[in-house]
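Just below is one structure, and these are the notes that go with it.
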Amino acid sequence: MITLKNIEKVYQTKTIETVALHNVNLHIPKGEFVSVMGPSGCGKSTLLNIMGLLDEPTNGIVEIDGNPISRYRDKELAHIRNQKIGFVFQSYHLINDLSVLDNVELPLLYRSGTSAAETRRLALTALEKVGLSARTKHYPTQLSGGQRQRVAIARALIGQPEIILADEPTGNLDSVMGEEIMNILLDLNRQDGTTIVMVTHDENMAQKTERLIRFFDGQQVSDAKTNAYDYQK
Ligand code: ADP
Ligand code: ADP
């Protein structure tokens, strides 16, 4: 699905140069649920941004389904991103002036060829999947953190992505709501076969995924199957 080869990412400002990723080699196969852990500043968000085609590495090769992305023009990359990738963030990134339903429909507004009726149908299906069918007319500020994150997941799902990139999706939630979100992600992975890469600070959440990659200072320091792996397969 996604392969990173010898990835280097350097942030250059006028005065400081920060090496955010150094010599990262990774392959994420289709259908895998991978967690990424590591201390603040070790490059986890940078890694997700590069996997999600939101940012380009300074050096190295990113391949999507075996094709190096350098082969594509910006417009094609945006298309691949819209078709294949769903993003979920720690702080939800919902628009407070829009209803739940309108928030979920947003990604399809940028995709031509989907009628308003079809967009609505897909949004309602996505909201049903995350258990929020009863909240379509609410606004984000009227929801709990866990519910907001479920809206954000529904928004990621409406484009029917092959892969979900989640940056600390349970980071702002208490353990009960965090668990609910984790269960939704596990269901998406097991039932729909959605590939998921999740950054987390929570060792318990990470152990529920099938593979755990640990980063330190811009580099992988370990990459192993978790105990949940045998149970799942
Ligand atoms: P993490 O997600 O693990 O906390 P990040 O990927 O956000 O780490 O950051 C990795 C390193 O790159 C950090 O030292 C951070 O300060 C730096 N960094 C991240 N984004 C930028 C940016 N846009 N400009 C400059 N430095 C950045
Ligand atoms: P979230 O994914 O939790 O909603 P953001 O996307 O706003 O959070 O930022 C993710 C992380 O990226 C932050 O914790 C921050 O450390 C890092 N980051 C973003 N931009 C910069 C920057 N210009 N310099 C350093 N770090 C940055």
Side-chain angles (χ1 to χ4, degrees), residues 1-28 32-64 69-70 74 77-78 80-81 84-94 145-146 148-149 152-153 155-156 161 163-175 177-178 181-182 185 189 194-226:
M1 171 95 244
I2 297 182
T3 306
L4 303 182
K5 294 181 176 167
N6 298 316
I7 296 295
E8 182 106 4
K9 179 66 183 183
V10 181
Y11 290 108
Q12 181 76 61
T13 62
K14 267 185 209 136
T15 48
I16 347 167
E17 186 182 278
T18 307
V19 179
L21 293 175
H22 179 63
N23 195 25
V24 172
N25 289 283
L26 259 187
H27 175 64
I28 309 288
E32 201 166 52
F33 192 164
V34 185
S35 47
V36 178
M37 297 191 78
S40 186
C42 72
K44 304 180 298 295
S45 295
T46 302
L47 179 79
L48 278 199
N49 289 343
I50 288 174
M51 283 185 175
L53 315 179
L54 292 171
D55 198 0
E56 286 183 12
T58 313
N59 288 299
I61 297 171
V62 179
E63 290 178 0
I64 299 286
I69 61 164
S70 55
D74 284 353
L77 278 185
I80 292 171
R81 192 164 59 229
K84 289 188 186 276
I85 304 171
F87 295 92
V88 176
F89 304 95
Q90 178 177 2
S91 46
Y92 326 124
H93 295 186
L94 298 175
R148 289 183 207 195
Q149 192 59 294
I153 293 172
R155 181 187 54 194
I163 182 163
I164 290 182
L165 302 177
D167 199 347
E168 292 190 51
T170 64
N172 284 347
L173 303 175
D174 67 29
S175 57
M177 289 196 285
I181 294 302
M182 193 60 200
L185 295 175
N189 175 251
T194 309
T195 310
I196 304 179
V197 181
M198 174 182 77
V199 168
T200 182
H201 282 294
D202 188 324
E203 185 77 39
N204 287 327
M205 301 288 178
Q207 290 298 341
K208 291 181 181 183
T209 69
E210 45 184 306
R211 173 180 171 196
L212 170 52
I213 301 172
R214 294 184 197 273
F215 266 77
F216 191 81
D217 253 356
Q219 284 191 289
Q220 286 148 269
V221 289
S222 73
D223 182 348
K225 296 291 182 193
T226 64

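Both ligands and their constituent atoms are indexed starting at 1 by order of listing. Along the sequence shown, the residues carry numbers beginning at 1.
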*Full working for salt bridge (Lys or Arg N to Asp or Glu O under 4.0 Å) between D167 and K44*: CA-CA 8 Å; D167 199 347; K44 304 180 298 295; over 6 Å; no
*asked:* Test of understanding: given a 4.0 Å heavy-atom threshold, classify the contact between T18 and ligand 1 as side chain, backbone, both, or neither.
replied: side chain
Distance filter under 4.0 Å to [X] heavy atoms, resulting ligand 1 atoms:
X   : result
P39 : 3 (O)
A20 : 10 (C), 11 (C), 12 (O)
K44 : 1 (P), 2 (O), 3 (O), 4 (O), 6 (O), 8 (O)

*T13 to ligand 1: N or O pair under 3.5 Å?*
no
*Polar-atom distance check: C42 versus ligand 1, any N or O pair below 3.5 Å?*
yes
*Can you see which heavy atom on A156 is nearest to which on F87, and at what distance?*
CB-O, 3.8 Å
Could you check if a side-chain atom of [X] sits within less than 4.5 angstrom of a side-chain atom of [Y], using non-hydrogen atoms only?
X   : Y    : answer
T58 : V19  : no
N6  : N59  : no
L94 : R155 : yes

*Should G38 be listed as contacting ligand 1, given a heavy-atom distance under 4.0 Å as the test?*
no
*asked:* Using heavy atoms and a 4.0 Å limit, tell me yes or no: is G218 in contact with ligand 1?
replied: no
*side chain to side chain contact (heavy atoms under 4.5 Å, CB included) involving M177 - partner list, sequence neighbours excluded*: S144, L173, D174
